[in-house]
Every structure is written in C-alpha cells, then in structure tokens.
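Worksheet: one structure, shown below.
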Amino acid sequence: MQELIAGAQELRISLRAEHLDALRTYQHQLIEWNKRFNLTAITDETGIQIRHFLDSLSCLLALESGENFAGKRIIDVGTGAGLPGIPLKIVCPGMKLTLLEATAKKTHFLQHVVDELGLEDVTIIHGRAEELGHDPTHRQQYDWALARAVADLPILMEYLLPLLQVSGRALAQKGESAPAEAHRSDYALKQLGGQIRRLISVDLRGINETRYLVLVDKIAATPERYPRRPGMPSKRPLISE
Ligand code: SAM
C-alpha cells in the first residue's frame, strides 16, 4: 500500500490503519475475481492503488469547507467493481451509499465485497440509471450523484441529475476532455436543471494525465420526461445543434 499512502499524502488525504486494511482486502478481492471475470482492465497492485483507489478517493477534494459525506445519501452510477463508491465508503463510513450497476455479474462482486468488508448502509442495485431515475424511491432523493468512466458528460447528466434533490450535487470524474465536455453540456444542463459549479484538476502520483472532478449543482427540478428510456440518452445526447 506504499504507493497509495504516498499518493494520498500528496493530496492531503489521511488514511488510517483500518482504511488501509479494508483497501488491502478490496484489492485482494478485485485481483482474485478478475481471474474469473473481467471486472477491470487494471490488475496490477500499483495500478489498483493509484488509478482505482487514489483516483476514487480524490472525490474528497470536492468537499468544501465544513462539508462532509457523513449522513449524506450518495449514489454511484455505473459503479462497475465499486469505483469510486467503495473506497469512499471505506474512508467515510457514515455515508448512505447506493451502488448502481447495469451488469449483474458486477453486482454479485459488489455484494461479496460489501459483505467481506462488513460495510453498513450500502444498497446495491442491478439496473440502469434511465430506469432508476423514474423510481420514486430514488428520483430526486440523493445529496450526491457520482460517476467515473460511464459516459460523455451530456449523457451522464441525464443519468445523474434526475436522481438528485434540488441543491444536491453531481460529481463526474473525467480525464483531460473535461473542460470540452463541460462546454458541450450547456444544453443538457439547461434541460435537466443543472449548473456547472466548478472543475477541479487533480494530479495523481505517477500519472501524467491530469484528472478532473466536474461538479454540477442541481438548481431546479428535472422535468418528468427525463431521463428518457434506456439507451436514448446515449443514442440522442442532449446537445443543441
Ligand atoms: N465506475 C467504474 C470505474 O470507474 O471503474 C466502472 C466504469 S465502466 C467503464 C462503466 C460501467 O457503467 C459499466 O460497468 C456499465 O455496466 C455501467 N453502466 C453504463 N451505463 C449504465 C447505465 N445507464 N446505468 C447503469 N450502469 C451503467
């Protein structure tokens, strides 16, 4: 865990022994399950610690002074093998976390890891954002909606914003295309009730590419017609001509 410890220190994220123990267990499970299922393309320990765990934990840099994830309802959309949600839950156990994933085999892995780590207040849902966005127990219910490596930002906004309560915040983890994607999201944001709050650049230890946290405020209720039916947001993204 040396790379992760050093990388976290550079981002001023403090990791205690119990966090490192849990992340070590998670790393072990990722490597073991990945031998049987294709859960993630990154399988070496340094890659997992930096590109998966530290990158996930960098979401903490989005918290402003006095803010905390504790007690907040947070949904990680398209979480895959649990990223960024599970590393964040490990270091902020007080959050109420929902992990949404469209692929069943990945949700089996998520259940296994959540049980193995004894994480409480985690709900795992096998489904699509376009469907969950119309379910009254999830629509406009969350304080934070997170996503990493799921879709281009105009599409992602249609997945995330319907799930947020007004005053909630979306956090999209993006690569160097983030400023351009944010620019192309103007129309989608207007339609869906969102407004860019800020972009935060993040440099991860040993990684050349700058990463970005794109933060979007939910400023108005999302009209009932969004999200459109499964597949439509990606087929016809909300981008004005
Ligand atoms: N967030 C994880 C990460 O960063 O490692 C997984 C990224 S993976 C490239 C994208 C994941 O999003 C896939 O597991 C896919 O099944 C899921 N996904 C894509 N579209 C989705 C949707 N509309 N609703 C729910 N999950 C979706």
Side-chain angles (χ1 to χ4, degrees), residues 4 23 26-27 29-31 33-34 37-44 46-60 62 74-90 97-114 122-135 138-139 142 144-164 170-178 181 188 192 202 204 207 209 211-214 222 226-238:
L4 175 61
L23 288 165
Y26 184 24
Q27 171 177 270
Q29 296 298 333
L30 271 172
I31 291 171
W33 276 60
N34 219 54
F37 303 114
N38 184 19
L39 281 176
T40 157
I42 296 166
T43 51
D44 64 295
T46 302
I48 290 174
Q49 288 172 31
I50 301 297
R51 291 182 183 275
H52 281 340
F53 295 170
L54 186 61
D55 191 44
S56 296
L57 294 174
S58 74
C59 291
L60 295 169
I74 299 178
I75 184 162
D76 179 5
V77 171
T79 186
L83 304 157
I86 290 181
L88 290 169
K89 175 70 184 173
I90 287 170
L97 178 65
T98 298
L99 299 170
L100 173 65
E101 172 49 47
T103 306
K105 80 173 182 207
K106 294 183 182 173
T107 61
H108 299 151
F109 172 74
L110 294 170
Q111 190 60 62
H112 173 76
V113 169
V114 164
V122 180
T123 304
I124 297 165
I125 300 177
H126 172 217
R128 291 191 63 96
E130 298 95 315
E131 292 159 345
L132 211 71
H134 288 289
D135 178 335
H138 297 279
R139 183 179 176 86
Y142 291 92
W144 287 87
L146 320 176
R148 185 183 88 144
V150 174
D152 199 34
L153 205 59
I155 302 166
L156 193 60
M157 289 299 107
E158 193 168 347
Y159 296 162
L160 301 185
L161 284 167
L163 295 164
L164 289 169
L171 191 175
Q173 291 194 265
K174 288 281 168 188
E176 284 173 342
S177 62
E181 287 189 48
L192 298 161
V202 179
L204 299 178
I207 307 285
E209 185 208 25
R211 306 273 301 145
Y212 286 89
L213 306 176
V214 179
T222 302
Y226 299 119
R228 290 165 292 164
R229 62 185 160 80
M232 278 303 281
S234 55
K235 195 171 167 199
R236 298 229 174 88
L238 295 171

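Just so you know, ligand 1 is whichever comes first in the structure, and atom 1 is the first atom listed for that ligand. Sequential numbering from 1 along the given sequence is applied to the chain's residues.
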How far is [atom] from its nearest protein heavy atom, and which residue and atom is that?
| atom | answer |
| --- | --- |
| atom 23 (N) of ligand 1 | Glu130 OE1, 2.9 Å |
| atom 24 (N) of ligand 1 | Ala129 N, 3.0 Å |
| atom 20 (N) of ligand 1 | Val150 CG1, 4.1 Å |
| atom 16 (O) of ligand 1 | Glu101 OE2, 2.6 Å |
| atom 4 (O) of ligand 1 | Arg148 NE, 2.6 Å |

Ligand 1 contacted by Thr79 (non-hydrogen, < 4.0 Å):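 In this structure, Thr79 qualifies as a contact of ligand 1 - some heavy atom is under 4.0 Å.
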Ala151 near ligand 1 by a heavy-atom separation under 4.0 Å: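 No; Ala151 lies far enough from ligand 1 that no heavy-atom distance drops under 4.0 Å.
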Numbering the atoms of ligand 1 from 1, which are under 4.0 Å from a heavy atom of [X]?
| X | result |
| --- | --- |
| Tyr159 | 23 (N) |
| Thr103 | 16 (O) |
| Gly80 | 6 (C), 14 (O) |
| Arg128 | 23 (N), 24 (N), 25 (C) |
| Lys106 | 13 (C), 14 (O) |

Modelled atom types, side-chain donor and acceptor of Arg229 and His134, under 3.5 Å: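 Absent: no donor and acceptor within the cut-off.
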Thr40 versus His52, side-chain donor and acceptor atoms under 3.5 Å: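 A pair is found: one side chain offers a donor N or O, the other an acceptor, under 3.5 Å apart.
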Asp44 side chain vs Gly47 backbone, donor-acceptor pair below 3.5 Å: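 Yes; at least one donor-acceptor contact below 3.5 Å.
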Donor-acceptor contact below 3.5 Å, side chain His126 vs main chain Glu101: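 Pair absent, no side-chain N/O of His126 close to backbone of Glu101.
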Between [atom1] of [X] and [atom2] of [Y], what distance do you get to the nearest 0.5 Å?
| X | Y | atom1 | atom2 | answer |
| --- | --- | --- | --- | --- |
| Asp135 | Ile125 | CG | CD1 | 7.5 Å |
| Leu146 | Gln173 | CG | CD | 8.0 Å |
| Asn34 | Gln29 | CG | CD | 12.0 Å |
| Arg148 | Asp55 | CZ | CG | 5.0 Å |

Do any N/O atoms on [X] end up under 3.5 angstrom from N/O atoms on ligand 1?
| X | value |
| --- | --- |
| Leu83 | yes |
| Gly78 | yes |
| Ala149 | no |

Other residues, nucleotides, ligands: >12 heavy atoms within 6.0 Å of Arg51 CZ: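 No, because the 6.0 Å sphere around CZ of Arg51 holds 12 heavy atoms or fewer from other groups.
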Leu99 and its side-chain contact (heavy atoms from CB on, under 4.5 Å) partner, picked from Thr107, Val113, Ile86: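 For Leu99, the side-chain contact (heavy atoms from CB on, under 4.5 Å) check succeeds only for Ile86.
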Within reach of ligand 1, part of Gln173 (heavy-atom separation under 4.0 Å):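 Under 4.0 Å from ligand 1, Gln173 contributes no heavy atoms.
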Options Gly85, Gly133, Gly127, Pro227, ranked by nearest heavy atom to atom 25 (C) of ligand 1, top entry: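 Nearest option to atom 25 (C) of ligand 1, by heavy atoms: Gly127.
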Non-hydrogen atoms of Ser234 and Pro237 that approach each other most closely: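 Minimum heavy-atom contact is O-CD, 3.6 Å.
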